[in-house]
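Lettering follows sequence order; numbering is per chain, from 1.
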Amino acid sequence: MKLIERTLESELLAVVKELYPEIDTAGKLFVQKTGDAKFGDYQTNFAMVTAKALGRNPLEMANEIAAKYVNSSAVERAVVAGPGFINLFLSDKFLGEYVKSARTLGYDFDFMPRRGDVLVDYSSPNIAKRMHIGHLRSTVIGDSIKRIYKFLGYKVTGDNHLGDWGTQFGKLIVGYRRWLNRADYEKSPIEELERIYVEFERRIEAEPEIAEEARVELKKLQDGDPENTRLWTEFVEMSLAEYGKIYGRMNVSFDTNFGESYYHGRMPGVVKGLLDKGIARISEDAAVVFFEESEHLPPCIVRKQDGAFLYATSDLACIQFRREHYEINRIIYVTDDRQADHFRQVFRIADRMGWNEPKVHVPFGFMKFADGMFSSRKGNVILLDDLLDEAVKRARAVIEEKNPGLPDSEKDSVAEKVGIGAVKYADLSKNRVSVVIFDWDKMLSFDGNTAPYLMYTFARIRSMIRKAEEAGKNLREDADIMFHDELERALTMRVTQFPVAVMKAAEAYSPNLIADYLFELCQNYNSFYNALPVLKEKDELLYSRLLLSERVSRVIKTGLDLLGVDTVERM
RNA sequence: GCGCUUGUAGCUCAGCUGGAUAGAGCAACGGCCUUCUAAGCCGUGGGCCACAGGUUCGAUUCCUGUCAGGCGCACCA
């Protein structure tokens, strides 16, 4: 299906070209939804935008365009208003037909630059550490961006850029040999690895020799020592197994799990390339890239004095790898905003190497408690699993209260979906690049702009459709959607805006634009639902409202799916 | 000090490449379940969109500056 905006723009363009053949209209004619129904459904500012350059009166131009814009397939009338707006009123027939035919929500996004692969980096936990709420935002936002681009028809690869090659492994190997509790390790491997890591940090002052030992073990690992490699592999595999459970629970997935170790082999070559091209130079025995003063960036070390490589080197190697193995459309990195400078450095360096495919850093504010930062040493982290458990527990309590008649097994599965949906949505519905203060009650709210509200709206519609079937009134795809009430028209208009909301979310890398849209859609629907009966109406109106309701449910389901939130039939 | 980022209702936040009287949720108050799920709906109150300039027919949106908060600033990731 063609987007309504596209239809109107191409129709208007034809009019404008005929009236003003001398104007270069490329990329200048836009149609957008009006803010108020009294100004019609769509408007264009084209006359006001172009009049000045032509030395013409915008009102006059608007009138000329409006007068000539007749015989549209969609627009009933075009009215000039204000300083030169052209307000467009869609015909009820077109609007009803449009939504009626939107059975599969298959929109035409061919005009988007979809060639090549979109690569999304997200989640990226550090091996041998359990995931906590600090990992939530990257995981959930990245997964949603992946889903959104897929919906638009892009080829997308989600990559979990695991922290599997850091200095922590020397420490872990030392700790493993000295302090490991085998029974605990078998029961909860990552927890035990965390414990020995903390043990290492705790002892390092009293026993400085372990630091040297850790360096030796790390060096052995990096040189391919079989025993250390075996341990490293074990740590990685156990961590991945653990993460897999949480990802499964959250319905988050990846196409690749290339950690930093994956690029280790190509890092010397990357640094050599940088040095050969004069992009990096040796300074204080390290290989460093310096930036122009106008770039306002600190120097970036790509190889330490001791020959070791860093985060930036790894990311550069990763870009090099991707250029060899993918046809890059763009690369998207979802991390907290403290890494903004790091990515600016990496992007600038890559560009200088001629690796200038689009690279985007999608930042978000990190999460902290009101009284300070999360810290495993302080013991005040909230594990992701614990957060999800608490959410599910609270959801279960609400279900028990609101819908006690549901079978127990269904209560459990609904609670799981509602609780986890609430947590994910709480993050996805915000666009803040500032610090997020963690608050149980806000994170687990079930009222207002929340996942449960949207899921509830969906469940209501599904319930209505089931009731209709029981009464022998099965949904009729060929029913006409009619507007007996303004609420129906407003709701229908909202349904048509779904693909635009998805496009905008993609362009801005902001899933919250979809969340906002769905919330507004559900507000429209609930107003409609509350004011206008469906099943009690005579057939013509019944089937009209039933079909409209069904279309709304499709949009809610599809939209929530783009956010990675499940729906339920009853709740 | 330099850089990035944020400042919108009591609180949490939307506000789409500049558009017409600035929106929601929560909280407060008042209504609506013998009718399709009240996790809902309807209504009331609440705002110098941090401040000052500039660009524009038009600025919460773009530019400059000021103030305030957050974050980052060679060998961690």
Side chains of residues 532-540 of chain A: which donor-acceptor partners sit under 3.5 Å, not counting sequence neighbours?
residue, atom, partner, partner atom, Å
A:Glu537, OE2, A:Arg545, NH1, 3.4
A:Asp539, OD1, A:Lys473, NZ, 2.7

Among residues at least two apart in sequence or on other chains, which ones pass ring-ring contact (aromatic ring centres under 6.0 Å, His included) with A:Tyr122? A:Phe254
Contiguous pairing runs of three or more, Watson-Crick or G-U under 3.5 Å, that involve RNA chain B: B:1-7 with B:67-73, B:10-13 with B:23-26, B:28-32 with B:40-44, B:50-54 with B:62-66
Less than 4.5 Å apart, side chain to side chain, heavy atoms only: is that true for A:Tyr453 and A:Gln523? yes
Output the distance between atom OH (A:Tyr425) and atom CG (A:Asn449), rounded to the nearest 0.5 Å. 3.5 Å
Which is true for A:Ser283 with a 4.0 Å heavy-atom rule: it touches a base, it touches only sugar-phosphate, or it touches nothing? base
Identify, with sequence neighbours excluded, every residue that meets ring-ring contact (aromatic ring centres under 6.0 Å, His included) alongside A:Phe89. none
Surrounding CD of A:Glu295 (heavy atoms of other residues, nucleotides or ligands, distance under 6.0 Å), is the total greater than 12? yes
Apply salt bridge (Lys or Arg N to Asp or Glu O under 4.0 Å) to A:Lys467 and list each qualifying residue two or more places apart in sequence or on a separate chain. none
C1'-based separation of B:A22 from B:C49 [nearest Å]: 7 Å
How long is the line joining CG of A:Leu310 and C1' of B:A77, in whole Å? 9 Å
At a heavy-atom distance below 4.0 Å, what parts of residues 293-303 of chain A sit against RNA chain B? A:His296, A:Pro298, A:Ile301
List the residues meeting ring-ring contact (aromatic ring centres under 6.0 Å, His included) with A:His296, not counting sequence neighbours, and say none if there are none. none
Distance, P atom - from B:C32 to B:A50, rounded to whole angstrom: 40 Å
Sorted by first residue and then second, give each side-chain hydrogen bond (donor to acceptor under 3.5 Å, both in side chains) pair with at least one member in residues 436-448 of chain A; sequence neighbours left out. A:Arg394-A:Asp441
Decide if the gap between the ring center of A:Phe85 and the ring center of A:Phe39 is smaller than 6.0 angstrom. no
Indicate for each nucleotide in nucleotides 11-21 of chain B, in 5' to 3' sequence, whether protein heavy atoms under 4.0 Å reach the base (B), only the sugar-phosphate (S), or nothing (-). SSSSSBB-BBB
Partners passing salt bridge (Lys or Arg N to Asp or Glu O under 4.0 Å) against A:Asp341 (at least two apart in sequence or in another chain): A:Arg344
Without placing hydrogens or testing angles, list every side-chain donor-acceptor pair under 3.5 Å for residues 501-514 of chain A, not counting sequence neighbours.
residue, atom, partner, partner atom, Å
A:Tyr509, OH, A:Arg330, NH1, 3.0
A:Ser510, OG, A:Ala508, O, 3.0

What integer number of Å spans the C1' atoms of B:C29 and B:U35? 28 Å
Roughly how far apart, to the nearest Å, are B:A9 and B:G23 at atom P? 15 Å
Would you say the base of B:A77 and the side-chain of A:Ser124 have a donor-acceptor pair closer than 3.5 Å? no
With B for base contact, S for sugar-phosphate-only contact and - for none (protein heavy atoms under 4.0 Å), nucleotides 32-40 of chain B reads ---BBBSBB
I need the CZ-C1' distance between A:Arg281 and B:A74, as an integer number of Å. 12 Å
Tell me whether the guanidinium CZ or amine NZ of A:Arg348 lies under 6.0 angstrom from the six-membered ring centre of A:Phe291 and within 45° of its axis. no
For B:C33, measure the glycosidic angle (O4'-C1'-N9-C4 for a purine, O4'-C1'-N1-C2 for a pyrimidine) and name it syn if it falls within 90° of 0, otherwise anti. syn
Can you name the nearest heavy-atom pair linking A:Tyr543 to A:Gly472, along with the distance? OH-O, 4.4 Å
Between B:G25 and B:C62, how far is it from one P atom to the other, in whole Å? 26 Å
Students often get this wrong, so: under 4.0 angstrom with heavy atoms, is A:Phe290 touching a base, only sugar-phosphate, or nothing? base
